[in-house]
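To start, the structure itself, in structure tokens.
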Amino acid sequence: MNGTLTLVLPDGATREVPMGTLPRDVVASIGPRLLLASYAVAVDDEVQDLMTPLRKGGSFVVITDKDPRALPVLRHSGAHILATAVRRLRPEAKIGFGPAIDDGFYYDFEVDTPFTPDDLEAFEAEMVKVAAEKLPFVREEVTQAEALVRFSNDPLKLERLADFEGTDEIISTYTDGPFVDLCRGPHVQDTSYLKHFKLLSTAGAYWRGDEKRQMLQRIYATAFLKKDELEAHLHQLTEAKRRDHRVLGKQLDLFMFHHFAPGAVFWTERGTSIVNELNGYLRELQRDGYAEIKTPLLYNKALWEVSGHWGKYRENMFLVLDKETGEHDFSLKPMNCPSHYLMYSAKKHSYRELPLRYNTYDVLHRNEVSGALSGLTRVRQFQQDDCHIFLMESQIADEVKRLTDFILNYYNTFGLTANLKFATRPEQRIGTDEMWDAAEGALRQALEATGLPYTLKAGDGAFYGPKIDFDVTDSIGRHWQLGTIQLDYSNPERFDLTYTGEDNHAHRPVIIHRAVSGSFERFIAILIEHFAGAFPVWLAPEQVRVLPIADDFRAHAERVTRALRDAGIRAHLDVRNETLNYRIRDGETMKVPYMAVIGKREAEANTLAVRERGTGNKQEVVPVSEFIARVTGEIRSRALPSQGVAE
RNA sequence: GCUGACGUAGCUCAAUUGGCAGAGCACCUGAUUUGUAAUCAGGCGGUUGCGAGUUCGAUUCUCGCCGUCAGCUCCA
């Protein structure tokens, strides 16, 4: 190595250093305290660690704990420290990969007996020791032959090394104390930088993500730069657990499952009320300009052959025996699209009808693998708020604007915010490259025209077209992918869909696939967790619970309940032979938004002592008519809970 | 589907090395008539997920199946 490199520091000053200088020496020359505080450096925005020789010049930024790029470096080093601890306690463990991930890091091991929770505790304690030993991370660059020797006992690493055959990639190893790993880096300077971390769980994971390869034991962990950040993260995990829709669904009596129908929901009376409210709201929003339709649930396979699903997705379809042929020639629909094309093509359409919007709430079935099922979020039978829009190319921009407004407005009703993602052509796709160019160009243009910010998700589109995904953030900061707007130039060809243009000739329409909630099932799961079960009044299965203090006021309470119900309020009378305290407690536990208590004073004055959910003793006495006006007003405006959704 | 863990009353959980399956809540009955988060007493409630095996004896040990959970894979 020879020559000189020019480094430009953030303040504009420059440093001339010989090629191959270690960043550590450069940082040390700036200041010894900066060296202590540095996790890595960025040369021309490329992150590398302090132990890797500089091979090029450019802008030179020291990454401290104020730089978001520090955390992944720390976490990756955390993975090595985890492996160091595991190897000390279980020397026979073979090592796989140990990367940083969004919420922390993991490391994969090949062991004869899987790890137990006790093992995790021991590993964590050992990691504390490794960190205390302040072992430096030593980087070495080695030849392929040398690497093969070093990792001769680690078959997984040898397999990884084989990938380097014939490339000029630099092979590097990192050593901290007794542990050597084949690794590109970057790493922190020594093990003492890992201070705030926790091992979370262990689970099987296929070697290299391939279900045909052996299963390794993965240990998940998280780490942060600061103690309060770690605590906040762990708090979010427990908060998520407290809000778990499967637990709340049971507690609030919303839904159930039964092993005779795995992956299919039984909605109770209360749960059904929520489904119906959501459906009613969507119907209201789509009253004008949409055509609600219902199509069959069961189809001959010929349809799926045309749509292309029979070949690729038959595994995930519920097949039904045809009595005549004795074959599984029929299938429950896993999506609505083809049935809407059939409806469209059943008659001639004029350009004057476009955009033509078919929307539906039909039930769909997808035969998910058993291990994928999870509460309401991943089911085999679900109801999608689906819509297919047939339109001319010239209408795309307006329609996309209209749809994004629609979807964002819908989320806003629940206090949910969304980020837009633009997803482009995937590896596996149908349609020509010209078609994709046109579709991606048109959708991107339409997206730009909305003026909304978005991020790019290259290669994440549907197999028939590019899409805009709506990534929603809930009240505890978790992200969910819900709505989608997909542009489709391919299926109009495949199903030979046409409309008659102004010129009296047949033209090809474009299709937009749109979903807002994704599915009612999953959306309700998200809402349960978002609101922690304390739904806004309009969505609450039980909106008011009327509590007469004693039997003497029962008749009056019945009249009040009747008046509330006549006003369209879901009100229930609780006349159980229990104390008022008992019944109040029950109402709070069931998260009923309002409890209306009636005693002597209220019965005489025709008022109610109103207790609002979660506000303790701050009840107020209001005339019945005023209370009815207030609640119906909140229902009509779909107001969010006044005490907020975060609780 | 794969790896691992789990499955006991409607719910949440107990049950010492294999030895009569329990508690709280819920539910039912009675007393009590209650002023803002659990009134008291009594009672009902179980083929321990299902099916085999080992054993004098299985909730407990072994195997198979079903389901649930954490991940992996998948998610049109």
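Throughout, protein chains are lettered first and strands after them, A, B, ... in sequence-line order, and every chain is numbered starting at 1. These numbers were taken from a predicted model, which means no experiment stands behind them.
Looking at heavy-atom distances under 4.0 Å, A:K312 makes no contact with the nucleic acid at all. Using a 4.0 Å heavy-atom distance criterion, A:R378 is classed as a base contact. Across all strands, A:L216 comes closer than 4.0 Å to no nucleic acid atom at all (heavy-atom distances). As judged by a 4.0 angstrom heavy-atom cut-off over every strand, A:G587 is placed among residues making no nucleic acid contact. Note on A:G209: only backbone sugar-phosphate atoms sit closer than 4.0 angstrom, heavy atoms only; bases stay farther off. Residue contacts shown for A:N316 include a base, since a base heavy atom lies under 4.0 Å away. Across all strands, A:Y464 comes closer than 4.0 Å only to sugar-phosphate atoms, never to a base (heavy-atom distances). A:E602 comes within contact range of at least one nucleobase, with a heavy-atom separation under 4.0 Å. A:D210 comes within contact range of no nucleotide atom at all, as no heavy-atom separation falls under 4.0 Å. As judged by a 4.0 angstrom heavy-atom cut-off over every strand, A:Y582 is placed among residues touching the sugar-phosphate backbone only. As judged by a 4.0 angstrom heavy-atom cut-off over every strand, A:E578 is placed among the base-contacting residues. Residue A:R218 is in sugar-phosphate contact alone, with no base atom involved, counting any heavy-atom pair closer than 4.0 Å across all strands shown. A:D551 comes within 4.0 angstrom of a base, heavy atoms only. Using a 4.0 Å heavy-atom cutoff across all strands shown, A:Y313 reaches at least one base atom of the nucleic acid.
With a 6.0 Å cutoff to the six-membered ring centre and a 45° limit on the axis angle, A:R75 does not count as a cation-pi contact of A:F105.
Atom name P, nucleotides B:U54 and B:U62: the rounded distance is 16 Å, in whole Å. B:A9 and B:A15 are spaced 15 Å apart, taking the C1' atom of each and rounding to whole Å. Atom P of B:U47 sits at a distance of 13 Å from the matching atom of B:C11, rounded to the whole Å.
For A:Y344 and A:H388, the ring centers are positioned 6.0 Å apart or more. The distance between the ring centers of A:W207 and A:F97 falls below 6.0 angstrom.
Across all their heavy atoms, A:V537 and A:P593 have their closest contact at CG2-CB, 3.9 Å.
Each of A:V610 and A:D552 was matched to the nucleotide of RNA chain B holding its nearest heavy atom; the match closer to the 5' end belongs to A:D552. Where A:I549 and A:F115 meet RNA chain B, the nucleotide closest to each residue was compared, and A:F115 sits on the side nearer the 5' end.
With A:W310 contributing its side chain and A:L303 its backbone, the two residues share no donor-acceptor pair below 3.5 Å.
Salt-bridge formation is detected for the pair A:D244/A:R246: a Lys NZ or Arg NE/NH1/NH2 atom is positioned less than 4.0 Å from an Asp or Glu carboxylate oxygen. Between A:D586 and A:R576 a salt bridge is recorded (basic side-chain N to carboxylate O distance below 4.0 Å). Ion pairing between A:R87 and A:D154 holds under the 4.0 Å rule for side-chain N and carboxylate O.
Protein chain A touches strand RNA chain B; the 5'-most and 3'-most nucleotides with an atom under 4.0 angstrom of its non-hydrogen atoms are B:G1 to B:A76.
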Exercise for the section: Could you provide the dot-bracket string of RNA chain B, using ( ) for intrastrand pairs, [ ] for crossing pairs and | for bases paired to another strand, with Watson-Crick or G-U pairs below 3.5 Å? Expected result: (((((((..((((.....[..)))).(((((.......))))).....(((((..]....))))))))))))....
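By the 6.0 Å contact criterion, NZ on A:K198 is open, its count of non-hydrogen atoms from other residues, nucleotides or ligands being 12 or less.
Side-chain atoms of A:F627 and A:L564, non-hydrogen and from C-beta on, do get closer than 4.5 Å to each other.
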